[in-house]
Student: 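Have a look at this one before I ask anything.
Just so we're clear, the structure is a prediction, and the values are computed from it rather than from any experiment.
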Amino acid sequence: MFAQTFGATTLGLNGILINVEVDIANGIPAFDIVGLPDTAVRESRERVRAAIKNSGFEFPARRITVNLAPADIKKDSSGLDLPIAVGVLAASGQLKPTNCRRQVFAGELSLEGRLRAVAGILSMAANCQNNNIAEMIVAPENVQEALLAGNLTVYAPETLTEVVAHLKGEKILPAALPNLSEGQNHNAELDFADVQGQIVAKRALEIAAAGFHNVMMVGPPGSGKTMLARRIPSILPDMTAQEALEVTKIYSVAGLLKNNIGLVRNRPFRSPHHTVSTAGMIGGGSVPRPGEVTLSHNGVLFLDELPEFPRTVLEVLRQPLEDGEVTISRVNATLSYPAKLMLIAALNPCPCGFSSDPSRECSCTHSDIRRYQKKISGPLLDRLDITIHVPRLDYNDLIRNTEQESSVTIRQRVEAARLIQHKRLQSFGLYANAQMEHKHIKKLCKLTPASIDILKQAFIKMNLSARGYDRIIKVAQTIADLSGIVQIEANHIAEAIQFRNDFQTISRK
């Protein structure tokens, strides 16, 4: 006997509808799954067999063949357990085959028949609408995520028994309702008001947040680089609905959505350890999964102790920093993931950390410092818009009782600058100055004659590349936006040049 159900899996960030065909025939008892299943899907045979028996149903002792179509796409989701189990019950006559063709089933089965959450539900739910399927059955932990797709009726049974009772019409499940999410909750524990001194660094990070610019902070140990970096999300504007949906989809596919939270509202802040692999940074696997650059999309990627990262890992950042996406090619698939991120790097000026510290003597030789600095390539440094020196605080800075500016106040200025950028850039599909290309700069950035003269001198004296030239203008435009001034004036260019410090120069301060 033949039956058909619908399941789903993901390919990249997109959901794929899987046609689960089940045929039960006479012969030596067997349970075969075909259609490019990976290990997790092949192992579903044992989970499905145990779940059906322990739920009080009969598992047919006949030859069972399950085909997962389309057969040319590798399936790697344990969420196919549920549609396979329903298909076996329908093909064996314990369910009417016509009752299980209107829904998409997505859920892992425990051996006792309980439904467990799976990754990528949001992408699967969004794909249902493209295939004119209006109902979806998922595990309770995945309900709010599935409802984010909209125009979809979602049911959340706890067990396989409840699924069968619902399909038979014996006990109809209530349709799940969305939990109304509250507004953005900035982390009140991380506030710039807690940071004593470091006026120049705070100013640089405000400019970076306003224009979504990449930043490198260089300073001795204990100067506050990490403390500053961790507070950057508190001054970034709230994510738009579209940005929040993009981030939620990424975290859903990566399996990082916990506690049925629904839409991700806080901007991502990722801080991978320096032992991260290349695949961990940009993504990888036989079917590529998102890496740290994609998990930082619309947020911040913080790399502490930058020279300690393997050079191969740092070099793979060059493409996503320039293009805003990363393309991963594997035998089974070639996928592109979004990676519009703000890179914040922190490092010491030398191996011992005290090369630029006036109160501590550096113990490194010239060759040690050169070797340390050469771990960071010129092309990568060229992609950093702002480079700042973060000096050690003196005693008076630490004991000063002057009230520091809060993140709320800084964020208001950042949001005002972003609003100016949005009006200027929206026709090009951009939202921040850092995303401008040379053609946008030529058309949109208006420089005064005095600012052009300063920029020309800087280009010659600093041996700037074309990319470095453009980045100075973009930073200057952000400074002008923070000031509410239309044209880029000489002082804006001068401040942008000041933040275009040379790494080697900072190390000798």
Student: Give me the atom names and distance for the closest heavy-atom approach of V276 to V313.
Tutor: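 Taking V276 first and V313 second, the nearest heavy atoms are O-CG2, 3.5 Å.
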Student: Can you tell whether the side chains of R371 and D368 come within less than 4.0 Å, N to carboxylate O?
Tutor: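 Salt bridge flag = yes for D368 with R371.
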Student: Find out whether L68 and E21 are in side-chain contact, i.e. whether some heavy atom of one side chain is under 4.5 Å from a heavy atom of the other.
Tutor: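 L68 vs E21: side chains apart.
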Student: Hey, are the side chains of I133 and Q103 touching, using non-hydrogen atoms and a 4.5 Å cut-off?
Tutor: no
Student: Please determine whether a side-chain nitrogen of the Lys or Arg among D81 and R116 lies less than 4.0 Å from a carboxylate oxygen of the Asp or Glu.
Tutor: no
Student: Do R265 and D238 pass the salt bridge (Lys or Arg N to Asp or Glu O under 4.0 Å) test, and can you show the C-alpha distance, the side-chain angles, and the key distance before you say yes or no?
Tutor: CA-CA 8 Å; R265 295 192 174 272; D238 295 346; over 6 Å; no
Student: Has the side chain of Y251 got a donor or acceptor atom that lies under 3.5 Å from a matching backbone atom of V264?
Tutor: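 No: the side chain of Y251 does not pair with the backbone of V264.
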Student: Count the heavy atoms belonging to other residues, nucleotides or ligands that lie under 6.0 Å from NE2 of H274, then report whether that count exceeds 12.
Tutor: yes
Student: If you compare all heavy atoms of M217 against all heavy atoms of A229, which two are closest, and at what distance to 0.1 Å?
Tutor: CE-CB, 3.9 Å
Student: Looking only at non-hydrogen atoms, find the nearest pair between V41 and I33 and report the distance.
Tutor: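 Shortest heavy-atom contact: O-CD1, 3.6 Å.
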Student: Do side-chain atoms of Q198 reach the backbone of S223 as a donor and acceptor pair under 3.5 angstrom?
Tutor: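 Yes.
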Student: Could you measure the distance from the CZ atom of F269 to the CE atom of M342? Nearest 0.5 Å is fine.
Tutor: 10.0 Å
Student: Is any side-chain heavy atom of I207 less than 4.5 Å from a side-chain heavy atom of V475?
Tutor: yes
Student: Could you tell me whether E405 and R413 have a side-chain N and a carboxylate O separated by less than 4.0 Å?
Tutor: yes
Student: Kindly compute the distance separating CG (D382) from CD (E322), expressed to the nearest 0.5 Å.
Tutor: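 Separation between the atoms: 8.5 Å.
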Student: Is the closest side-chain donor-acceptor distance between S451 and H492 under 3.5 Å?
Tutor: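 The criterion, which ignores hydrogens and geometry beyond distance, is not satisfied for H492 and S451.
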Student: Verify salt bridge (Lys or Arg N to Asp or Glu O under 4.0 Å) between R467 and D385, making sure each step is shown before the conclusion.
Tutor: CA-CA 10 Å; R467 183 187 292 114; D385 303 336; over 6 Å; no
Student: Apply the side chain to side chain contact (heavy atoms under 4.5 Å, CB included) test between P83 and each candidate in N19, V48, V20, I18; give the one that qualifies.
Tutor: V20
Student: Scan side-chain atoms only and decide if S123 and T10 contain a donor-acceptor pair under the 3.5 Å cut-off.
Tutor: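 Looking only at side-chain atoms, T10 and S123 do not form any donor-acceptor pair under 3.5 Å.
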Student: Return the minimal non-hydrogen interatomic distance between P221 and N348, and the atom names on each side.
Tutor: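 The pair with the smallest heavy-atom distance is N-OD1, 3.8 Å.
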Student: Which atoms form the tightest heavy-atom contact between R411 and L236, and what is the distance?
Tutor: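 Looking at all heavy atoms of both residues, the shortest contact is CD-O, 3.3 Å.
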Student: Show, in sequence, the C-alpha distance, side-chain angles and deciding distance for K202 and E206, and conclude whether the side chain to side chain contact (heavy atoms under 4.5 Å, CB included) test is met.
Tutor: CA-CA 6 Å; K202 288 180 181 179; E206 179 181 338; over 6 Å; no
Student: Nearest 0.5 Å, please: how far is CG in L245 from CD in Q242?
Tutor: 6.0 Å
Student: Kindly assign one of parallel, tilted or perpendicular to the pair Y469 and H438, based on the angle between their ring planes and the thresholds 30° and 60°.
Tutor: tilted
Student: Check whether any side-chain N or O of S252 sits under 3.5 Å from a backbone N or O of I121 as a donor-acceptor pair, and report yes or no.
Tutor: yes
Student: Does the side chain to side chain contact (heavy atoms under 4.5 Å, CB included) test come out yes or no for F105 and M136, once each step is laid out?
Tutor: CA-CA 6 Å; F105 301 89; M136 191 171 189; over 6 Å; no
Student: What verdict does the side chain to side chain contact (heavy atoms under 4.5 Å, CB included) test give for L430 and H440, after you've listed the backbone C-alpha separation in whole Å, the side-chain angles of each residue and the deciding distance to 0.1 Å?
Tutor: CA-CA 10 Å; L430 309 176; H440 304 129; 3.6 Å; yes
Student: To the nearest 0.5 angstrom, please state how far the CD1 atom of I420 sits from the NE2 atom of H422.
Tutor: 12.5 Å
Student: For the side chain of Q129 and the backbone of G150, is there at least one donor-acceptor N/O pair under 3.5 Å apart?
Tutor: yes
Student: Can a donor-acceptor pair be found, under 3.5 Å and without considering hydrogens, that links the side chain of R318 to the backbone of R383?
Tutor: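 Absent.
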Student: Please tell me if the side chains of L257 and L122 come closer than 4.5 Å, counting only heavy atoms from C-beta onward.
Tutor: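 With C-beta onward as the side chain, the pair stays apart.
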Student: Only one of K423, R418, R424 forms a salt bridge (Lys or Arg N to Asp or Glu O under 4.0 Å) with D481, so which one is it?
Tutor: R424
Student: Any sub-3.5 Å donor-acceptor pair from Q421's side-chain atoms to N433's backbone N or O?
Tutor: yes
Student: Are side-chain heavy atoms of L321 and L341 found at a separation under 4.5 Å?
Tutor: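 L321 vs L341: side chains touch.
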Student: How long is the straight-line distance from CD1 of I410 back to OG of S234, given to the nearest 0.5 Å?
Tutor: 7.5 Å
Student: Verify the distance criterion only: is there a donor paired with an acceptor across the side chains of R42 and T39 at less than 3.5 Å?
Tutor: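 Yes.
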Student: Kindly give the heavy-atom pair with the smallest separation between A204 and I388, and that separation in Å.
Tutor: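 Residues A204 and I388, closest heavy atoms: CB-CG2, 3.5 Å.
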Student: For residues L256 and L295, determine if any side-chain heavy atom of one lies less than 4.5 Å from a side-chain heavy atom of the other.
Tutor: yes
Student: Please check: side-chain N/O of S407 versus main-chain N/O of F192, any donor-acceptor pairing under 3.5 Å?
Tutor: yes
Student: Enter the distance from L306:CG to L343:CG here, rounded to the nearest 0.5 Å.
Tutor: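 Going from CG on L306 over to CG on L343, the span is 7.5 Å.
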Student: For Q487, does its backbone N or O pair with a side-chain atom of K446 as donor and acceptor, under 3.5 Å?
Tutor: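 Judged by distance alone, no pair lies under 3.5 Å.
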Student: Determine, stepwise, if the pair S44 / L80 fulfils side chain to side chain contact (heavy atoms under 4.5 Å, CB included).
Tutor: CA-CA 8 Å; S44 68; L80 293 172; over 6 Å; no
Student: Are F499 and H213 packed together at the side-chain level, in the sense that at least one heavy-atom pair is separated by less than 4.5 angstrom?
Tutor: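 F499 does not reach H213 side chain to side chain.
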Student: Between K340 and G299 (side chain of the first, backbone of the second, donor and acceptor by atom type, cut-off under 3.5 Å), is there such a pair?
Tutor: no
Student: Check whether any side-chain N or O of S483 sits under 3.5 Å from a backbone N or O of I479 as a donor-acceptor pair, and report yes or no.
Tutor: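 Side chain of S483 to backbone of I479, a donor-acceptor pair under 3.5 Å: yes, one is there.
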Student: Kindly indicate whether the side chain of L384, heavy atoms from C-beta on, has any atom under 4.5 Å from the side chain of V215.
Tutor: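 Side chain of L384 against side chain of V215, heavy atoms only: no contact under 4.5 Å found.
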